[in-house]
Every structure is written in structure tokens, then in C-alpha cells.
Amino acid sequence: MADEEIFRAETRAWLEANCPPAMREPVTGLDDVYWGGRNGRFSSPEQQAWFEAMAARGWTVPDWPKDYGGGGLSPSETKILREEMAALGCRSPLHSFGIWMLGPALLKFGTEEQKRRYLPDIAQGRIRWCQGYSEPGAGSDLAGLQTRAEDKGDHWLVNGQKIWTSYADKADWIFCLVRTDPAQKQGGISFLLFDMASPGVSTRPILLISGSSPFCETFFDDVKVPKEQIVGAVNQGWTVAKYLLGHEREMISAMGFGSGDPSLGRDLAERLGAFANPVLRAEVALHDVDMLAFRAMSEKFLDEFKAGLAHPAQPSMMKYAGTELNKRRLELEMAAGGTDALVWGDDNAVSRHWLRSKANSIEGGTSEIQLGIIAKHILNLPGA
Amino acid sequence: MADEEIFRAETRAWLEANCPPAMREPVTGLDDVYWGGRNGRFSSPEQQAWFEAMAARGWTVPDWPKDYGGGGLSPSETKILREEMAALGCRSPLHSFGIWMLGPALLKFGTEEQKRRYLPDIAQGRIRWCQGYSEPGAGSDLAGLQTRAEDKGDHWLVNGQKIWTSYADKADWIFCLVRTDPAQKQGGISFLLFDMASPGVSTRPILLISGSSPFCETFFDDVKVPKEQIVGAVNQGWTVAKYLLGHEREMISAMGFGSGDPSLGRDLAERLGAFANPVLRAEVALHDVDMLAFRAMSEKFLDEFKAGLAHPAQPSMMKYAGTELNKRRLELEMAAGGTDALVWGDDNAVSRHWLRSKANSIEGGTSEIQLGIIAKHILNLPGA
Amino acid sequence: MALFLTEEQVMLKDMAGPFLADQAPVKHLRQLRDANDAAGFSRDLWRRFGEMGLAGVLVPEAQGGGGLGHVEAGIVLEEIGRNLSPSPFLSTAVAAVTAIGGADAELRARWLPGIATGETVAAIAVDEGRRHDPANVALAAERSGNGFRLNGAKRFVVHGHVADLLIVAARTSSDVGEMRGITLFAVEKGAAGLTADPVRMVDSSIAAEMLFEDVEVDAGAVIGTVDDGWSLLTRTLDAGRVGAAAEMLGVGGAAMAMTMDYLRQRKQFGRLIGEFQALQHRAAHLYSELEIARAATLKAAQLMDADDPKAELMAAVAKAKAGKAAMLAVQEGVQMHGGIGMTDEYDIGLYMKRHRLLDELFGDTAFHAERVARLNNY
Amino acid sequence: MALFLTEEQVMLKDMAGPFLADQAPVKHLRQLRDANDAAGFSRDLWRRFGEMGLAGVLVPEAQGGGGLGHVEAGIVLEEIGRNLSPSPFLSTAVAAVTAIGGADAELRARWLPGIATGETVAAIAVDEGRRHDPANVALAAERSGNGFRLNGAKRFVVHGHVADLLIVAARTSSDVGEMRGITLFAVEKGAAGLTADPVRMVDSSIAAEMLFEDVEVDAGAVIGTVDDGWSLLTRTLDAGRVGAAAEMLGVGGAAMAMTMDYLRQRKQFGRLIGEFQALQHRAAHLYSELEIARAATLKAAQLMDADDPKAELMAAVAKAKAGKAAMLAVQEGVQMHGGIGMTDEYDIGLYMKRHRLLDELFGDTAFHAERVARLNNY
């Protein structure tokens with residue numbers, strides 16, 4: 001048996017022994033997952049057992065180096081672990097912006113000291129991170145951001161305001177873009193890390209049209225940040241942020257399509273009965289063509305990405321197409337659900353998911369931004 | 001009986017007596033209509049009889065003043081005549097860019113002398129006109145046109161090249177935009193009329209993807225044009241052209257929707273049998289919703305236009321929506337026709353109409369131009 | 001008849017618009033919602049509709065109404081949509097009045113005057129399944145003594161929990177799914193055996209699920225003819241459809257207007273976002289779609305008022321087209337607003353929610369596209 | 001298997017692309033068209049396909065072929081599409097080879113070597129109605145002596161007028177519309193009673209209407225099992241569908257490439273038209289659609305090569321998606337070219353015509369969307 005096959009067999013056996021049956025059921029909502037952090041709460045003993053078993057092996061971040069709390073797996077081993085988890089339906093043991101976003105940036109741009117300080121806490125779910133990019137006056141246009149960080153010798157003094165900070169009210173630390181040189185645009189931005197418990201930090205949740213408040217306004221009033229808590233060089237934060245945005249795009253574009261029934265029409269017919277209206281059925285069938293094709297695209301993109309063959313701007317295409325498709329899917333779910341779907345209902349009602357989906361094409365770079373990136377970087381159109 | 005009802009009754013009686021049955025059948029192709037001109041040929045005795053009867057009354061241009069060869073009808077009488085012609089299915093007795101385009105411009109901008117010289121010939125179909133706007137380097141961008149007309153004292157000397165001149169090879173005269181001041185853009189353009197038989201004029205038909213050649217390239221090599229053959233003031237041709245383009249847009253937007261079956265689906269089912277494919281049927285039904293709604297829009301636009309209530313830029317909306325819808329209709333006709341529709345066939349084959357329809361959203365101002373006009377003049381968006 | 005508003009109709013618009021903007025702007029909806037108001041609309045406001053002569057727009061003058069038509073009702077509804085004004089106008093003044101218009105003199109005298117004054121609220125109880133399908137009536141009305149006994153359930157009865165009058169489609173013969181055998185009844189509030197379970201909808205309005213358990217009505221409660229209610233039901237629903245289309249034009253029109261304002265004011269990358277050509281072209285396309293939907297809706301209302309047989313087809317076209325055009329308006333509205341469009345604080349999301357309900361009400365685009373196909377024999 | 005081309009597959013592409021660009025560019029199509037060539041393609045070129053090892057890409061090595069798969073065939077077809085090269089590759093090297101692959105050793109030995117050398121041309125005779133509907137087979141094959149007697153008509157038989165071999169779907173039992181009772185036959189050119197009426201199609205290719213009047217074939221002409229040809233027919237058609245999808249990717253990709261070139265060069269209003277944001281966004285959307293279609297097509301080909309049962313669904317997805325994406329490419333291509341895009345002199349219109357034929361061939365988007373619904377039980 002080849003090494004890989006041995007690893008696969010062992011992994012499967014371990015997962016079967018360590019992943020409780022309840023953790024192989026689909027997640028029912030965002031509150032049904034573990035986010036870690038100082039105030040992290042497990043919603044069930046099974047959730048805790050599963051998290052702890054995975055964290056003990058470093059498998060919350062299987063491909064990170066062991067020195068930084070990761071599993072130290074090779075790319076092919078990581079792929080096998082993912083495949084076996086998918087085969088058993090294992091949930092992700094830890095949801096974390098630290099894993100999805102900050103970690104990859106630190107691995108690429110962090111100092112050795114920073115990696116040792118921050119990555120293990122991320123891997124073990126001890127610190128929950130949030131992201132401070134957008135500002136009220138600068139949505140898609142990050143170059144216009146105005147939160148200032150002044151060099152006060154031994155510390156940065158941060159003043160300003162962020163918006164769309166995901167779960168800022170629940171996060172322990174923030175990774176944050178600040179302006180360190182007002183005279184420049186992208187060139188005057190730095191990437192800071194600091195504790196949300198620092199004096200001068202306050203948050204205010206934003207009520208969304210979906211009725212939930214996953215985002216906050218976050219205010220910084222003379223927040224002191226130690227000088228070493230900067231990632232990359234001063235005024236080089238844009239480079240870090242761009243790299244990280246790529247990861248965010250991949251994450252968002254993968255989100256809606258990793259799981260669930262492969263055919264919306266089949267799913268709807270099983271749940272709601274045969275389609276009585278031929279026009280709606282046709283619209284669903286045309287959607288399914290696009291959706292199944294996009295699934296192939298997702299697979300192709302990931303394969304190419306791993307092999308280093310993907311165009312650097314391809315995540316923009318994935319993000320654009322995936323989010324637009326997800327919005328369309330939810331419109332069709334609303335139509336098929338009819339009056340049932342119109343009920344305001346609880347957090348998990350389809351009406352809430354439908355409204356939530358409208359943010360897909362705004363957050364993490366709007367569809368318009370993605371189209372512009374494609375036009376410029378892939379199609380090389382003039383002046384794009 | 002009110003005057004209008006008397007006029008209606010008399011008109012109907014006259015039409016029934018004078019419009020031969022063959023002239024009440026739908027037109028089968030562009031060659032099946034009478035275009036007039038020095039070389040005009042009637043395709044049948046009925047066509048000739050019908051044209052001559054209408055021309056004798058000035059009813060080729062019923063609402064033009066009698067002094068200029070028109071019928072002298074009031075707007076409400078003109079409407080009644082049109083309604084009665086439509087009710088009987090009477091064909092238009094004369095197809096003419098002179099009637100549709102130049103005539104209205106002359107009525108508005110021409111001198112008394114010009115009206116008396118040109119309009120009766122248009123009404124009687126004696127002179128066939130073509131339009132010289134587009135140039136190879138200036139498609140949608142008329143301001144960039146380069147055909148020069150130099151003032152030589154007693155005449156203009158015209159040099160340059162036009163493209164997309166409809167039926168230039170069959171036309172007697174041309175109305176033509178020329179540059180009289182190279183230092184200005186729109187402000188340096190004039191509107192000239194001249195005989196296509198003038199020395200120095202030559203034409204070359206352009207073969208289209210549909211297999212027909214309704215357009216020409218037209219070349220002017222030291223063409224001498226008498227000074228008085230200018231409409232409007234020197235360098236004011238842009239004003240005339242804009243007015244005339246409005247008429248063209250209305251004509252094009254009305255073209256695809258004035259006749260034919262009110263439901264594409266009904267028409268297809270009657271001709272080809274019931275839809276076997278539910279998805280195609282659904283696409284046709286969704287098209288029919290848009291088409292029937294657009295018919296209401298056409299009616300509303302014409303009513304508002306006649307009452308002076310239409311926004312001056314509304315023809316852009318009509319042109320945009322109407323041509324895009326017509327392209328969609330022909331795609332569906334191709335799909336429904338299946339392999340039958342794929343046959344290259346004669347000039348009247350659906351494959352030819354389908355290819356021809358692709359020009360709808362290009363000629364007379366592209367869809368992109370129309371959208372820009374709507375954004376600027378109706379929506380007042382900045383910098384549009 | 002010319003396909004634009006007459007002078008009198010423009011005057012009505014000029015009256016209804018400011019009235020609603022003043023009395024029931026979006027803030028009014030927010031107040032009712034945040035107070036979790038049990039009715040879902042203000043009875044006082046509805047009486048004001050009566051005083052202004054709006055509640056009775058379709059009621060004959062003999063019963064104290066304005067004796068006007070569906071074009072006028074649509075004018076009011078467009079302003080209702082523009083302001084997201086919660087009111088029973090569509091169900092009461094449009095659909096129920098159309099239904100009662102097909103009843104005998106006694107029923108007409110019983111209900112129309114109260115509607116005209118804004119005292120009476122009516123609701124339409126037709127839907128039983130998840131998606132609109134008016135032939136799919138199972139609620140049974142069996143002859144019982146001098147009248148009928150009703151058993152079954154209705155859902156999506158907008159305002160049903162507070163309505164004084166319910167227009168109920170019941171089956172008196174034939175099988176579920178058949179057009180024949182449906183009878184319309186006028187059922188009064190508080191009838192024994194009638195219960196309503198109010199459900200808060202996505203747009204904060206309330207629709208009831210209603211249970212009929214041995215509800216007794218006398219023969220006088222029959223609207224029109226027993227077993228033969230289909231054509232009046234269709235006319236009632238078509239009135240509701242054209243009305244909902246008009247309301248969606250208001251919803252879509254307001255969504256577009258606030259989005260255009262935003263495009264003219266908001267800067268990104270150092271420019272007004274309204275200067276970006278991609279947004280300009282999408283805005284112009286949206287304008288076209290809304291204009292076309294407006295034409296279709298006005299045409300349908302005119303045909304309804306003229307009792308033209310083509311009204312049925314055009315009502316389907318209007319509902320389908322207005323639903324699609326307004327959907328584009330609210331979707332583009334949220335997208336072009338960007339992040340703030342997703343917040344509850346901004347109004348654009350409320351328009352998206354309202355559109356969703358109106359789109360489903362009396363049949364969505366897919367339902368009416370199917371109807372267009374069937375009415376054209378394909 | 002990773003969802004991108006292997007090194008060997010990239011090498012094949014690097015060979016096939018220049019070969020076709022050199023031997024059969026768009027000019028070659030124009031020459032055949034303008035000469036009103038009776039075959040619609042060049043036999044010489046087809047032999048060249050044989051010499052290059054392309055004609056036999058799917059033919060087993062034992063029969064002189066390359067023994068490769070549908071991914072490799074798709075690579076060749078994409079280049080054929082890009083160059084609009086007229087050739088019998090799709091019908092012969094892909095569809096007919098797949099059909100014959102299900103035949104007995106004798107038939108395989110009879111036909112496959114000639115295909116691999118580019119000597120033999122084959123055609124697929126399935127369609128009888130206006131739109132693709134493979135269960136709708138009425139052409140009757142009745143037992144007659146040692147073999148069968150065929151009577152009926154086929155249409156849209158691409159290259160049928162010159163084909164050496166016809167793959168014919170005939171009905172041996174059950175009713176028209178049923179999957180059961182269909183049998184595939186290998187019919188040779190020149191069979192008595194077989195006539196072909198060549199029809200010039202919109203893309204200048206030639207498809208034949210074929211009449212079978214008492215055409216006698218012996219039992220050895222049966223491909224696979226009598227009455228039980230449906231699954232082999234489906235596999236044959238799916239091979240054709242995935243192949244047509246790949247060809248449409250070439251058509252759409254070339255249309256897009258020439259349009260992007262135009263956007264980078266053409267000036268209007270003093271700017272390159274590629275600078276206009278509205279066009280940029282549409283171009284980026286088109287890019288996305290073509291990329292997604294390419295992924296779906298490659299996935300379908302891989303599943304076909306792996307004999308995976310999901311291949312059928314994915315073939316439907318690929319054909320539908322590639323059809324739609326390439327349609328967008330040619331439509332945007334003509335529109336963005338403006339007037340010159342409408343002229344015969346420019347190539348973009350030829351791509352639009354070729355797309356149209358390929359879109360219909362073996363079922364269009366509506367056909368395959370319907371299939372996706374049925375395969376998913378709704």
C-alpha cells in the first residue's frame with residue numbers, strides 16, 4: 001500500500017473513532033458552530049469533544065507547520081484529510097477568521113516572532129479575531145480609508161472608525177488597516193494587530209435587513225498599540241490586505257457550494273412536492289445547469305490553485321459567479337416556497353437566508369469590483 | 001354623426017374600393033414593397049394601382065400640407081386613416097427614407113423653397129433618398145466624422161467616404177452630413193442634399209452576414225454641390241441630424257412590433273405544433289410577457305408622443321427595449337424552428353431574419369448609445 | 001382611450017401622493033413594526049382613506065363611493081407602494097369591492113358603504129397551498145338548512161385576523177383543481193367556528209392562517225351564483241393582480257429613485273458612483289423595464305375598466321412584468337447602495353421585502369407567464 | 001483526477017492548435033463556401049487528420065488509433081471550433097467511433113482502421129423531427145431474411161451525403177417515443193434504396209435529409225443488441241454532446257478573443273472602446289461564463305472517460321452551459337464590433353453561424369436543461 005493509502009486508512013479510522021455522530025450532521029445555523037475565543041462556548045459536549053480531538057492533533061489547521069500549532073501535513077495529506085472528512089460529513093471543528101484570513105497572511109508576511117506568538121492561539125481557538133477594513137466613507141474603495149495610526153515613538157495611536165467588522169462585538173483581537181501616511185493612498189496604509197479589550201475600543205452591532213447583526217461599527221478613540229504589532233513594513237499594509245482579500249474571496253465563493261444538494265430542483269421537489277408550475281420548474285432547471293457547471297468550475301479552480309496554475313485574479317471570477325448564483329438560488333427557493341417562505345420566522349428561515357444572500361455580492365469586494373479586476377488583470381482591457 | 005365618424009366611414013369605403021386584395025396580404029420581404037425613385041419598379045399591377053391611388057390623394061404622406069404634395073389631414077384624421085388601413089391590412093403604398101426621415105426634417109428646418117422643391121417629389125415617390133451619416137472611423141460617434149465639404153464660393157466641394165448608406169446603390173439623392181469646419185466637433189457639421197448621379201459619387205454594396213446587401217460604402221471624390229442645397233444654417237447640421245435620428249429611432253422601435261401575431265408562443269404552436277420541450281415553452285412564455293408589455297409601451301409612447309407628453313429622450317428607451325426584444329424573439333424562433341430554421345434558404349428564411357435582427361441594436365444608434373442617452377437625459381446621472 | 005392619465009387622474013395622483021407621504025410614510029411602517037402592532041396597519045389611517053374618498057374609489061356613487069375605476073385605484077396603490085404605507089386598500093377597496101360588485105343588492109348595500117367610509121376592512125381568503133393556485137380550492141361548503149356549512153383552511157389571508165368581512169372561495173361541487181364548483185361567500189367577522197392565526201411576514205405585514213370548523217352562513221352570504229363563482233373569482237383576483245402590479249410600480253419606482261439619488265451623491269474612488277458607466281447602463285435598463293411595466297399595468301387597468309375580454313390576458317402580463325421590473329429595481333437598489341443597503345436603518349431593504357410579498361400575492365411571474373401561455377393556447 | 005489538462009494533453013493541444021490554424025483556418029472555410037463545395041469539407045484535410053493521429057484519437061491502438069479519450073477529443077474539437085475548420089471529426093472520430101465501440105469485433109475491424117487513417121467519413125442519422133428528440137425514432141427496421149429492411153427518413157444528418165458509414169437509429173419494436181425498441185445499424189454508403197438530399201446550412205456546412213426505401217442490411221450491421229440500442233445511442237450522443245460543447249468553447253473563445261482585440265484597438269469618442277466600463281463588465285461576465293462552461297465540459301469528458309454513471313448528467317450540463325456561454329460570446333462579439341460585425345467580410349458573424357448549428361446539434365440548452373430536470377427526478 002502506498003504511503004498515501006496508509007494515511008487515508010488511518011485518517012478514516014481516526015475520524016470514525018473521534019468524530020461524534022452529532023458532528024456528522026449538517027450545521028443548522030451560524031450559532032451551531034464553534035468560534036473559539038476567550039468567551040467561546042460549546043453548544044454541546046459533542047462539539048467540545050470534536051474540537052478538542054482535532055485541536056490536539058493540530059488538525060484545525062492541518063497544513064500549517066507543527067511549530068506554529070498546525071498539523072504539519074503535506075498538501076496531499078491535507079487533501080486526503082479533507083476528502084475523508086467530507087466523506088463522513090464531519091463538520092469543521094472551528095470557525096475562525098484567524099484560520100481563514102489572518103493565519104495565511106501571517107505565514108506569508110509575519111516575522112518569526114509574530115508567527116510563534118499568534119498562530120498557535122489561532123490553531124487552538126484561544127483568540128477570536130475580527131477584521132477591520134471597511135470604513136463608512138470607503139466601502140469598495142479601501143484606498144480612501146481614514147483611520148489614523150500616529151507613530152508615538154513606542155506605540156501607535158489609533159483613531160477612527162470601522163464598519164462591517166464581522167462579529168467585532170464577540171472578537172478578542174482585530175487585524176486592522178490603518179493610515180500611517182496621509183500623503184499617500186494605497187502606499188500609506190499599514191496592517192496592525194491589537195486587542196479589542198484595549199482602552200478606547202468600542203463596538204456597536206449593525207442590524208441588517210435579515211434581522212441579524214453579524215457586523216459592527218467599531219470605534220477607536222486614542223487606542224495605543226505596541227509598535228511591534230504591525231504585519232509587514234510600515235506603509236506596506238496594502239500588500240498584506242490584497243493577499244488576504246484573495247483568501248476571503250476564495251472562502252466566500254466556496255461557501256455556498258461546498259455542501260447541500262447537488263440539484264436545487266431535486267431538493268425542492270423532495271421537500272415541497274413536484275413542481276406544479278412549468279415555468280418555475282424551467283427556471284430551476286436552467287439554474288441547475290449553471291449551478292452544476294459552477295461546481296465543476298469550483299473543483300477545477302481548486303485543483304488549478306493547488307497546482308499553482310490558477311490565474312492570480314481567478315478568485316475574483318469565482319467570487320463574482322458564485323455569489324451571483326447563490327443570490328439567484330435563494331430567489332428561486334423563495335418562489336418555490338411561496339407563502340411559507342414569506343414568513344419572517346426564526347434565524348434559520350429561508351426568508352432570512354434570502355435577505356442575507358444579498359450581501360454576498362457586496363462583502364469582500366462587490367461584484368462590480370470583481371468584474372473590474374477581471375477586465376484589468378485577466379482581459380487586459382485598457383484603462384480598467 | 002360626428003365629422004370624424006363621417007371621415008372614418010368615407011375612408012373605409014374608399015380603401016375598400018381602391019386597395020386591391022393582394023395589397024391587403026402581409027408583405028413577404030423587402031423586395032415585395034415599392035420604394036419609388038427614378039428606377040422604381042412595381043412588382044405587380046396591383047402594387048402600382050394601389051400606389052397611384054394613394055399618391056393621387058397625397059395619402060402617401062397624409063399629414064403633410066397639401067401645398068407640399070401631402071394629404072393635408074389633421075392629426076385625428078391621419079390616425080383614423082392609419083386605423084382603417086390597419087383594420088383592412090392595407091400595405092404601406094410607398095417605402096421611403098424621404099417620407100420617414102428627410103421629409104420631417106425639411107418640414108421643420110427647410111426653407112420654403114426647399115420644401116416646394118423636394119417634398120412633392122418625395123410624396124409622389126419620384127425621388128428615392130438615402131442617408132449619409134456613418135463613416136468608417138465614426139460609427140456611434142458622429143462628432144468624429146471626416147467627410148469634408150469645402151466652400152468654393154458658388155458650390156461645396158465634397159470629399160470623403162460614408163458607410164452603412166442604406167440602398168445607396170439604388171437611391172437617386174442623398175442627405176448627408178459633412179464637415180464644414182474642421183476646428184469644431186458637432187458644431188462644424190452641415191446637412192447637405194445632393195444627387196447621387198453627380199460626378200465623383202460611387203457606391204459599393206456591403207455583403208452582410210445575412211447574405212443580403214442593403215448597405216453600401218459610398219465614396220465622394222470632388223463632388224460639386226450647389227450652395228443652396230444645405231438644410232439649416234452652415235455648421236448647424238448636428239441639430240438637423242439629431243432631430244432626424246429621433247425619427248429613425250421611433251421608426252426602428254416601431255418596426256418589429258406593428259404587426260405579426262401578438263403571441264410568439266401561439267404563433268409557433270400554430271405553425272409548428274405544440275411545444276414538446278417545457279423549458280423552451282417557458283422561455284417563450286416569459287418572452288411573451290415582455291413582448292405584450294412592450295406592445296402596451298409602444299401604444300403608450302405613441303399616445304404620449306402625439307399629445308406632446310413624451311420625454312424627448314423616450315425614443316431611446318423604445319429603440320433600446322424594442323430592438324433587444326426583437327433579437328430575443330428571433331433567437332426563440334430559431335430554437336423552436338430547430339433544424340428547419342438552420343437551413344440557409346432564401347431571403348425570407350428565418351435564419352436570414354435572425355441574422356438581420358442582430359443589426360437592430362447597432363444601426364440608428366447602438367443599444368449602448370441609447371442607454372447612455374437615457375442615463376444622461378432622463379436619469380440625470382452625473383458625467384453621463 | 002389614450003394610454004396616459006387624464007387630467008382628473010393626474011389630480012387624483014397629486015392628491016393621493018402628498019396624503020400618503022404625509023400620513024403614512026416609511027416611518028409609519030417602522031413605527032408599527034417596532035411596536036409589534038397587532039393589526040399591522042392603522043385603523044385611523046384607514047378611516048382617513050375614507051374621509052379622503054380613497055377607500056371608496058371603486059364603490060359606486062350610490063353606495064357612497066367615488067364610482068371610479070381600476071386606473072384610479074392603481075394611482076392610489078402606486079403611491080401606497082412608493083410610501084410602503086400599510087393599509088387594507090388592496091384587499092378591501094380593490095379586491096373585495098370587485099367581488100361584492102358581483103353580489104346581489106342586499107350584500108352590496110350591506111358592505112359597500114362601510115368600505116367607502118373606511119370603517120370596514122375586508123380580506124380575501126382564496127389560497128390554500130403554498131403557491132397561488134385559485135382552482136386548487138378544497139375548503140368545503142355543504143348545504144345546511146337555509147345556508148351552508150364551511151369546513152377547511154385558508155392561508156395567506158392578508159389582514160384576515162382583523163377583517164370585518166372575508167371573501168371566501170369555497171368548493172360546493174366538482175373536484176379540487178376544477179374551475180367549476182367554486183362558490184364565493186361573504187363571511188362576517190366573529191362567525192362561530194372561524195379562527196385566525198396571525199403570521200408576521202417578511203415585510204412586517206400580517207397574514208392569517210384561517211381555520212373554518214363548521215362555520216354556518218346563510219344563503220344570503222353567497223356572492224353571485226352557487227358553483228359558478230369562477231369568473232367572478234377571476235375578476236376579483238385580476239383586480240387584485242392589477243392593483244398589486246400598480247403597488248409594485250410604486251415600490252420599484254421609489255427604490256429606483258432613492259438609488260438614483262444615491263448614485264448622484266455617493267463618492268468612491270474619487271468619483272460619484274453615478275459616473276461609472278456600468279452602473280449608468282444598468283440604471284437605464286432598469287428605467288426601461290419599469291416604464292414598460294407601467295404601460296402594461298395601465299393598459300390592464302383600462303381594459304378592466306372597459307370590461308374588455310382582453311383584460312384577463314393583460315392582467316397576467318401586468319402582474320408578471322411589474323413583478324419582474326420591480327424585483328430588478330429592489331435588487332439593483334440594494335446592490336448599488338452597497339453595504340448600507342443591507343442595513344435595517346436604510347429604507348431600501350424594506351422595499352425589497354415588500355416587493356417579495358406583492359410578487360407572490362395573487363400569483364408570481366412564473367404563475368402569470370404560465371397563464372399567458374395557456375390563454376394563448378400553447 | 002485533477003480537473004485540468006495533463007502535460008500530455010497540453011502537448012496535444014500545442015500540436016492540434018497550430019495544425020488547424022495552418023491547415024484549416026477561417027480562410028479555408030470561406031474558400032469552400034465561396035466555391036460552393038459539394039462536400040462541405042476537404043477529404044485531403046481529413047486524411048491529414050489521419051496522418052497526424054487525430055482522426056483516430058478515440059480508436060483503440062489495436063485498430064491503429066491513439067487509444068485516447070474524450071478529453072483529448074475535446075482538445076482537438078476546441079481547436080476546430082476556434083478555427084471554424086470544416087471537418088467530419090465530430091461525427092466520425094467522436095460519435096461514430098463511440099457507437100462502433102459498442103459493436104462486435106467484426107464491425108469494429110471493418111470500420112475503425114479506416115477512420116483512424118482519415119479514409120472513412122461517418123455520419124449520425126438519428127433526428128427525424130425538427131428538434132432533437134432521440135426517443136422519437138420512427139424509421140422502421142423490419143426483419144427480412146437474414147437481416148433487416150429499413151424504411152423511413154432522417155434529417156439533419158451532418159455529412160450524410162458523402163459519408164461512407166451511417167450510424168442509424170431505427171425502431172425494431174415498441175412505439176415511437178419509447179426508449180425500448182431502438183436498434184443501431186451500421187449502414188454503408190451506396191446501399192440500394194438510400195438517397196441523400198444535401199442541404200446547405202446557415203454556417204455553410206451541409207447536412208443531408210436521407211430517405212430509406214426498403215434498404216436491406218444483413219444481421220451483421222446491427223451495432224450491439226437488437227431492441228436494446230438506447231444506452232449505446234445515449235452514449236454515442238453524449239460523446240457528440242460533449243464534443244459539440246468543446247467545439248463551442250473554441251467558437252466562443254475565438255469570438256471573445258477577437259472581440260477583446262477589437263476593444264483594445266478601436267476608438268470611439270476619442271477613447272479606446274475597451275476603456276468603457278460598461279463593456280468591460282460585460283466582457284468580464286462573458287469571461288466567467290466561458291470559464292465555467294470550460295470546466296463543465298472538461299468534467300463531463302473526464303467522467304465519460306472514467307465510464308462514470310454521472311457522465312450522462314454532466315454531458316447535459318456541459319452541452320447546455322457551453323451552448324449558452326458561447327451564444328453570449330458570439331452575440332456580444334457582433335454587438336461590440338458594431339456595424340462591421342454585421343459584414344460578411346469580418347469573421348465574427350461566421351462564428352455566430354457556426355455556434356447556432358452546434359447549439360442545436362444533439363440538443364440545445366432547453367433540451368438539456370429538461371434532461372437535467374428529469375435526471376434529477378423533477
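Using a 4.5 Å cut-off between heavy atoms, A:Ala269 contacts chain D through its side chain alone, with no backbone atom that close. Residue A:Leu268 does not touch chain D at all, counting heavy-atom pairs closer than 4.5 Å. For A:Glu324, no part lies under 4.5 angstrom from a heavy atom of chain D. The contact between D:Leu313 and chain A is made entirely by side chain atoms (from C-beta outward), counting heavy-atom distances below 4.5 Å. Contact of D:Leu272 with chain A is made through the side chain alone, with heavy-atom distances under 4.5 Å. The contact between D:Val372 and chain A is made entirely by side chain atoms (from C-beta outward), counting heavy-atom distances below 4.5 Å.
Side chains of A:Asp288 and D:Tyr378: a donor on one and an acceptor on the other come within 3.5 Å. No hydrogens or angles considered: a donor-acceptor pair under 3.5 Å links the side chains of A:Glu4 and A:Ser76. Checking D:Arg241 against D:His132 by side-chain atom types alone, a donor-acceptor pair falls below 3.5 Å. Judged by distance alone, the side chains of A:Gln314 and A:Glu304 never bring a donor and an acceptor atom under 3.5 Å apart.
A salt bridge does not link A:Glu331 with A:Lys327: none of the charged nitrogens is closer than 4.0 Å to a carboxylate oxygen.
For the pair A:Leu379 and D:Met256, the minimum side-chain heavy-atom distance is below 4.5 Å.
Figure legend: cation-pi geometry between D:Arg271 and D:Phe276, with NZ or CZ positioned under 6.0 Å from the six-membered ring centre and within 45° of its axis.
When each of D:Lys324, D:His285, D:Met260 is scored by its heavy-atom pairs under 4.5 Å with chain A, the top score falls to D:His285. Options A:Met317, A:His287, A:Glu368 differ in how many heavy-atom pairs under 4.5 Å they form with chain D, and the most are formed by A:Met317. Options A:Leu371, A:Asp290, A:Leu292 differ in how many heavy-atom pairs under 4.5 Å they form with chain D, and the most are formed by A:Leu371.
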